[in-house]
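Only one structure is covered here, and it is reproduced in the block below.
Keep in mind it's a predicted model, so treat the numbers as computed, not measured. Index from 1, following the sequence.
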Amino acid sequence: PHVIRELAASARYRLRSAGLRARTVSLKLRFSDFKTITRSRTLPDATDSDKEIDSVALDLFRRHSGSAPWRLVGVKVSGFDNGVQLSLFSPSPADEKERQLLKIKDSLQRKFGAAVLISGKQLKGRKKHR
């Protein structure tokens, strides 16, 4: 699953860098026998949220991954929207806080590269390097 998070992180960063939001998250898997499947889920609203995109990508992987080894694993987003749906209600403090954190995160990645920030979950999947 840490590979899925890394692939999703790359897709999210490119999405936000382009000022877009996506409605569909897709997973592509190629198995050792070269059978290839693609599974997608379309969300009710376009998003660029780390939590939403990760959640969908990981759920698709858990449902359809079968057993290792895999020859290819990919995550993509589509169904782009460059507008933000306005709400009748003001954004919640949690939504506003996440929006600010994403801006800071993207700014750091632009300046220092994609590997500048990684989550604890990503660390757990990596082997120690000495």
Side-chain angles (χ1 to χ4, degrees):
H2 72 279
V3 172
I4 300 299
R5 285 187 188 91
E6 288 179 12
L7 293 169
S10 176
R12 291 188 318 263
Y13 174 73
R14 291 191 314 272
L15 186 68
R16 288 193 298 264
S17 292
L20 298 172
R21 296 161 62 87
R23 290 194 64 214
T24 303
V25 178
S26 301
L27 172 75
K28 185 172 191 171
L29 290 170
R30 180 168 296 141
F31 298 96
S32 60
D33 63 357
F34 289 94
K35 176 185 172 191
T36 304
I37 64 167
T38 302
R39 299 293 183 262
S40 301
R41 182 171 306 144
T42 300
L43 303 169
D45 298 310
T47 186
D48 62 1
S49 164
D50 287 7
K51 285 190 267 184
E52 284 184 86
I53 293 172
D54 276 3
S55 174
V56 172
L58 287 167
D59 185 55
L60 289 170
F61 181 77
R62 286 183 187 113
R63 289 176 183 255
H64 303 287
S65 63
S67 58
W70 305 281
R71 292 185 168 272
L72 175 135
V73 178
V75 173
K76 77 172 188 174
V77 292
S78 59
F80 302 115
D81 183 5
N82 61 356
V84 176
Q85 178 70 38
L86 297 177
S87 173
L88 294 173
F89 310 101
S90 59
S92 71
D95 290 341
E96 195 56 39
K97 185 176 181 179
E98 181 183 4
R99 195 91 320 314
Q100 291 299 320
L101 286 172
L102 291 176
K103 284 181 182 180
I104 293 167
K105 180 180 177 181
D106 291 344
S107 174
L108 288 169
Q109 286 182 319
R110 269 191 302 281
K111 187 170 183 175
F112 299 108
V116 70
L117 295 173
I118 57 174
S119 70
K121 290 178 183 177
Q122 289 172 306
L123 278 176
K124 184 178 177 184
R126 293 182 176 192
K127 294 182 179 180
K128 290 184 180 180
H129 297 287
R130 293 182 190 231

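T38 meets the side-chain hydrogen bond (donor to acceptor under 3.5 Å, both in side chains) test with no other residue; sequence neighbours excluded. Applying the side-chain hydrogen bond (donor to acceptor under 3.5 Å, both in side chains) test to S78 and every residue at least two apart in sequence or in another chain returns nothing. Judged as a side chain to side chain contact (heavy atoms under 4.5 Å, CB included), and not counting sequence neighbours, the contacts of L7 are V3, V73, V75. In this structure, the side chain to side chain contact (heavy atoms under 4.5 Å, CB included) partners of D54, at least two apart in sequence or on a different chain, are R5, A8, R12. Listed by chain and number, the residues in a side-chain hydrogen bond (donor to acceptor under 3.5 Å, both in side chains) with S49 are E98 (sequence neighbours excluded). In this structure Y13 satisfies the ring pair (Phe, Tyr, Trp, His ring centres under 6.0 Å) test with no other residue, sequence neighbours excluded. The side chain to side chain contact (heavy atoms under 4.5 Å, CB included) check on R39 picks up I37, L60, H64, with sequence neighbours excluded. Evaluation of the side-chain hydrogen bond (donor to acceptor under 3.5 Å, both in side chains) rule for S32 yields no partner, not counting sequence neighbours. Judged as a salt bridge (Lys or Arg N to Asp or Glu O under 4.0 Å), and not counting sequence neighbours, the contacts of R63 are D59. Under the side chain to side chain contact (heavy atoms under 4.5 Å, CB included) criterion, T36 pairs with K28, R30, not counting sequence neighbours.
Here the side chains of R62 and I4 are not in contact, with every heavy-atom distance at 4.5 Å or above. Counting only heavy atoms from C-beta outward, the side chains of V77 and L20 never approach each other to under 4.5 Å.
With rounding to the nearest 0.5 Å, the separation of CD1 in I53 from NZ in K76 is 14.0 Å. Between R21 atom CZ and L43 atom CG the span is 10.5 Å, to the nearest 0.5 Å.
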Determine, step by step, whether T42 and R23 satisfy the side chain to side chain contact (heavy atoms under 4.5 Å, CB included) criterion, reporting the C-alpha distance in whole Å, the side-chain angles of both residues, the deciding distance to 0.1 Å, and the verdict.
CA-CA 5 Å; T42 300; R23 290 194 64 214; 4.0 Å; yes
